[in-house]
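Atoms within each ligand, like the ligands themselves, are counted from 1 in listed order.
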Amino acid sequence: MAANPKVIYMDNNATTRVAPEVVEAMMPYLTEAYGNPSSMHTFGGVVGQAIKEARGKVAALLGADPGEIVFTSCGTESDSTAILSAIRTYPEKRHIITTRVEHPAVKNLCETLETATGHKYRVTKLKVDAEGMLDMQEYEAALTEDTAIVSVMWANNETGVIFPVEEMARMARQRGILFHTDAVQAVGKIPIDLKNLDIDFLSCSGHKLHAPKGVGILYVKRGTLFVPFMVGGHQEHGRRGGTENVASIVALGRACELAMEKMDEENSRVKKLRDRLEEALLTSIPKSMLNGHKTLRLPNTANISFEYVEGEAILLHMNQHGICASSGSACTSGSLEPSHVLRAMGVPFTAAHGSIRFSLSIYNTEEEVDLVIAKMPTIIANLRKLSPFWKG
Ligand code: PLP
């Protein structure tokens with residue numbers, strides 16, 4: 001099915017368009033170059049070489065050594081691998097530190113480790129303030145001799161808020177505690193240079209940076225003890241069994257190369273578009289507010305609450321104009337639950353229910369932003385007319 005050419009796609013934190021250059025790079029590995037990278041023959045060797053080159057490109061984007069990159073199937077697998085590796089490395093340690101605003105990939109794993117083991121593990125979930133920022137004193141006090149790992153996201157998928165992971169990793173290392181960061185939303189959007197950082201594990205996912213779905217990486221710092229999650233063949237130097245998803249790995253390598261080239265554009269042109277959209281909506285629509293820190297934020301993300309309207313209803317109306325975004329509430333078993341991230345920030349219910357996340361990419365244009373700016377005030381005003389609580 002062809003994509004609708006009229007779609008205005010502002011849901012890039014959910015997933016991104018696969019870049020045409022990326023499709024071109026991966027195609028040969030879906031067609032003629034189908035060898036197994038582990039084979040002894042040259043036909044397979046060519047494919048093995050392509051994986052090696054992709055590993056180098058991923059490492060370059062992250063300021064890592066190619067030997068520190070493990071290819072996985074997605075960000076979720078990378079998160080699970082890092083956290084489970086730490087608790088298997090230190091079976092005597094029973095404490096995990098994370099935050100209240102993690103993606104379910106980390107949040108649900110930590111909760112499962114707590115509940116499914118009869119509370120063998122204790123999980124500290126650090127609080128955030130109204131702007132979505134952490135309290136570093138609370139963090140410092142939470143670090144104990146019993147802590148096996150700290151897992152804190154680099155940038156939040158809903159608000160784009162950036163956490164001080166460099167400093168947090170340094171504090172963990174000083175106490176001999178492993179540090180993992182879920183950098184799924186950060187990689188490709190902001191510069192990352194792992195060389196001189198105390199981060200032991202970092203997760204990244206291909207489909208958030210213009211590579212296909214179903215491929216990710218886990219960075220494992222040289223010297224960090226590691227226990228594999230997927231046990232099988234000798235692939236990835238025994239760190240992740242299973243025949244490699246070659247085409248997607250090649251694609252991720254190319255996407256990382258492009259991300260390096262486009263990083264400045266992401267932080268200048270895309271940021272300007274995002275800022276213009278955000279300012280225009282906050283000015284033209286009464287009772288609207290920004291969720292998340294004004295500046296310590298990804299350049300592409302704006303999470304805005306429109307009070308007294310339901311996010312899902314807004315999305316449906318936006319959809320009629322071909323505008324794609326996300327809402328901060330999810331329809332669970334018939335009731336609309338505001339997101340755990342906005343609740344942790346203390347966003348009032350009337351605002352949390354009406355939150356919309358706009359997440360842009362290098363493919364967005366001025367014209368698209370103009371159209372969204374033009375349509376949104378009417379959409380919100382029409383929905384508010386139906387609200388019994390709106391006294392505008
Ligand atoms: N972590 C964060 C912060 C995310 O935004 C996502 C996806 O939305 C994930 C993890 C999961 O990544 P994947 O979809 O590759 O499993």
Side-chain angles (χ1 to χ4, degrees), residues 9-18 22 58 62 69-84 98-112 125-126 128 132 134 149-163 165 168 179-190 192 199 201-219 229-230 240 242 245 248-249 251-252 255-256 259 291-292 296-303 324-330 339-342 344-345 355 357-361:
Y9 190 74
M10 294 193 178
D11 202 9
N12 287 277
N13 288 10
T15 198
T16 57
R17 165 187 176 180
V18 181
V22 167
V58 174
L62 299 176
I69 304 298
V70 180
F71 288 111
T72 65
S73 68
C74 59
T76 304
E77 182 191 326
S78 302
D79 287 343
S80 278
T81 304
I83 295 169
L84 294 175
T98 184
T99 77
R100 295 195 182 178
V101 294
E102 296 298 312
H103 185 273
V106 168
K107 178 179 177 283
N108 291 348
L109 175 68
C110 290
E111 285 172 5
T112 303
K125 290 186 186 168
L126 301 171
V128 292
L134 296 168
I149 187 164
V150 177
S151 179
V152 170
M153 67 202 321
W154 199 310
N156 188 275
N157 46 303
E158 293 190 27
T159 60
V161 167
I162 296 172
F163 283 150
V165 286
M168 296 179 86
F179 190 92
H180 165 247
T181 183
D182 174 339
V184 164
Q185 293 293 343
V187 174
K189 293 180 188 139
I190 53 173
I192 291 180
I199 291 171
F201 302 108
L202 174 142
S203 306
C204 156
S205 173
H207 73 106
K208 310 288 182 178
L209 69 150
H210 305 291
K213 295 155 191 67
V215 64
I217 69 114
L218 177 65
Y219 158 89
F229 177 53
M230 298 268 282
R240 202 264 186 188
N245 181 356
S248 293
I249 288 172
L252 180 52
C256 287
N291 294 314
L296 296 172
R297 201 154 39 106
L298 292 174
N300 78 322
T301 309
N303 187 314
C324 306
S326 281
S327 89
S329 54
S339 93
H340 69 283
V341 175
L342 300 184
M345 289 163 62
S355 79
R357 177 188 70 186
F358 300 89
S359 48
L360 280 60
S361 83

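- Here is the list of ligand 1 atoms found below 4.0 Å of a heavy atom in Asn157: 3 (C), 5 (O).
- The atoms of ligand 1 that sit less than 4.0 Å from any heavy atom of Ser205 are 13 (P), 15 (O).
- For Asn157, there are no side chain to side chain donor-acceptor pair (under 3.5 Å) partners at least two apart in sequence or on another chain.
- Applying the side chain to side chain contact (heavy atoms under 4.5 Å, CB included) test between Phe71 and each of Asn245, Ile217, Leu218 identifies Ile217 as the sole match.
- Judged purely by distance below 3.5 Å, without hydrogens or angles, the side chains of Glu77 and Ser80 never pair a donor atom with an acceptor atom.
- From the protein, the heavy atom lying nearest to atom 5 (O) of ligand 1 is Gln185 NE2, 2.8 Å.
- If you check which protein heavy atom lies closest to atom 13 (P) of ligand 1, you get Gly75 N, 3.6 Å.
- Nearest protein heavy-atom contact of atom 14 (O) of ligand 1 is His207 NE2, 3.0 Å.
- Formation of a donor-acceptor pair under 3.5 Å by the His340 side chain with backbone atoms of Glu102 is found in this model.
- Residue His103 has at least one nitrogen or oxygen atom sitting less than 3.5 Å from a nitrogen or oxygen atom of ligand 1, judged on distance alone.
- In summary, of the residues considered (Thr159, Thr301, Asn156), a side-chain hydrogen bond (donor to acceptor under 3.5 Å, both in side chains) with Asn13 occurs for Thr301 alone.
- Looking at atom 10 (C) of ligand 1, its nearest protein heavy atom turns out to be Asp182 OD2, 3.4 Å.
- The shortest N or O to N or O distance between Ala105 and ligand 1 is not under 3.5 Å.
- When non-hydrogen atoms are compared, ligand 1 lies under 4.0 Å from the backbone of Thr76 as well as from its side chain.
- With hydrogens and angles disregarded, no donor-acceptor distance shorter than 3.5 Å links the side chain of Lys208 to the backbone of Asn12.
- In this view, His210 and Tyr363 satisfy the ring-ring contact (aromatic ring centres under 6.0 Å, His included) rule, not counting sequence neighbours.
- The nearest protein atom to atom 8 (O) of ligand 1, hydrogens excluded, is given as Lys208 NZ, 2.5 Å; this is a heavy-atom distance.
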